[in-house]
Amino acid sequence: MASVKTTQAERILDYMGEFGGITQLEALRDLGCMRLASRISDLRKQGHVIKSERVAVKNRFGETCHIKKYRLVVDNETAAV
């Protein structure tokens, strides 16, 4: 029986559905995806509405850094991206 191979984009969609969003670190650590922004662009071109927001996090030195978090917009949300 042949296995069905899922794409990185499909894995990212599943991840956002399960965890509510995804950051670059999560994409690399959990999915092995080094080019999250490119995959998000691909998903948007396919018609998925994905919202991005800047979130503040602490780095290993305790400094505040801003990163981008992507979230899939569900049908009943406003699509202002």
Side-chain angles (χ1 to χ4, degrees):
M1 179 154 106
S3 62
V4 177
K5 184 176 179 181
T6 58
T7 65
Q8 282 186 341
E10 291 169 332
R11 289 184 191 125
I12 290 165
L13 279 176
D14 290 343
Y15 193 97
M16 287 189 293
E18 185 174 347
F19 297 102
I22 191 167
T23 65
Q24 177 61 54
L25 179 60
E26 293 164 339
L28 180 58
R29 181 188 62 214
D30 298 340
L31 304 177
C33 177
M34 296 191 66
R35 299 190 61 209
L36 177 61
S38 293
R39 298 298 72 81
I40 294 295
S41 176
D42 294 343
L43 289 167
R44 285 176 171 157
K45 287 177 186 171
Q46 292 173 14
H48 297 280
V49 180
I50 299 172
K51 183 177 180 178
S52 62
E53 61 182 321
R54 288 174 45 102
V55 294
V57 297
K58 297 283 185 184
N59 67 14
R60 69 176 99 182
F61 306 108
E63 302 162 335
T64 300
C65 299
H66 292 87
I67 62 170
K68 196 170 272 192
K69 184 169 190 166
Y70 298 96
R71 186 171 55 84
L72 187 63
V73 175
V74 293
D75 294 335
N76 59 354
E77 289 183 68
T78 58
V81 178

Quiz item: If you measure only the distance, is there a donor-acceptor pair under 3.5 Å linking the side chains of Lys68 and Thr23?
Solution: no
Quiz prompt | Short side-chain to backbone donor-acceptor contact, Arg44 and Ile50, under 3.5 Å | solution = yes
Quiz prompt | Glu18 (side chain) donor-acceptor with Tyr15 (main chain) under 3.5 angstrom | solution = no
Practice problem: Give the intermediate values and the outcome of side chain to side chain donor-acceptor pair (under 3.5 Å) for residues Lys58 and Thr64. | Solution: CA-CA 5 Å; Lys58 297 283 185 184; Thr64 300; 3.1 Å; yes
Quiz item: Are Ile40 and Ile67 linked, directly or through other ILVMFWY residues, by side chains that come within less than 4.5 angstrom of each other?
Solution: no
Quiz item: Tell me, do Lys51 and Tyr70 make a side-chain contact under 4.5 Å, heavy atoms counted?
Solution: no
Practice problem: For the pair Asp30 and Ile22, evaluate side chain to side chain contact (heavy atoms under 4.5 Å, CB included) and give the outcome as yes or no after the intermediate values. | Solution: CA-CA 10 Å; Asp30 298 340; Ile22 191 167; over 6 Å; no
Quiz item: Are any of the side-chain heavy atoms of Leu28 and Cys33 separated by less than 4.5 Å?
Solution: no
Quiz item: Ile12 and Phe19: same hydrophobic cluster, using ILVMFWY side-chain contacts below 4.5 Å?
Solution: yes
Self-check item: Salt bridge present between Arg39 and Asp42 (N-O < 4.0 angstrom)
Solution: yes
Quiz item: Going through the distances and angles, do His48 and Leu72 end up as a side chain to side chain contact (heavy atoms under 4.5 Å, CB included)?
Solution: CA-CA 7 Å; His48 297 280; Leu72 187 63; 4.2 Å; yes
Quiz item: Nearest heavy-atom pair of Gly21 and Glu26: which atoms, and what distance?
Solution: O-OE1, 3.9 Å
Quiz prompt | Heavy-atom closest contact (Gln24 atom, Met34 atom, distance) | solution = NE2-O, 3.6 Å
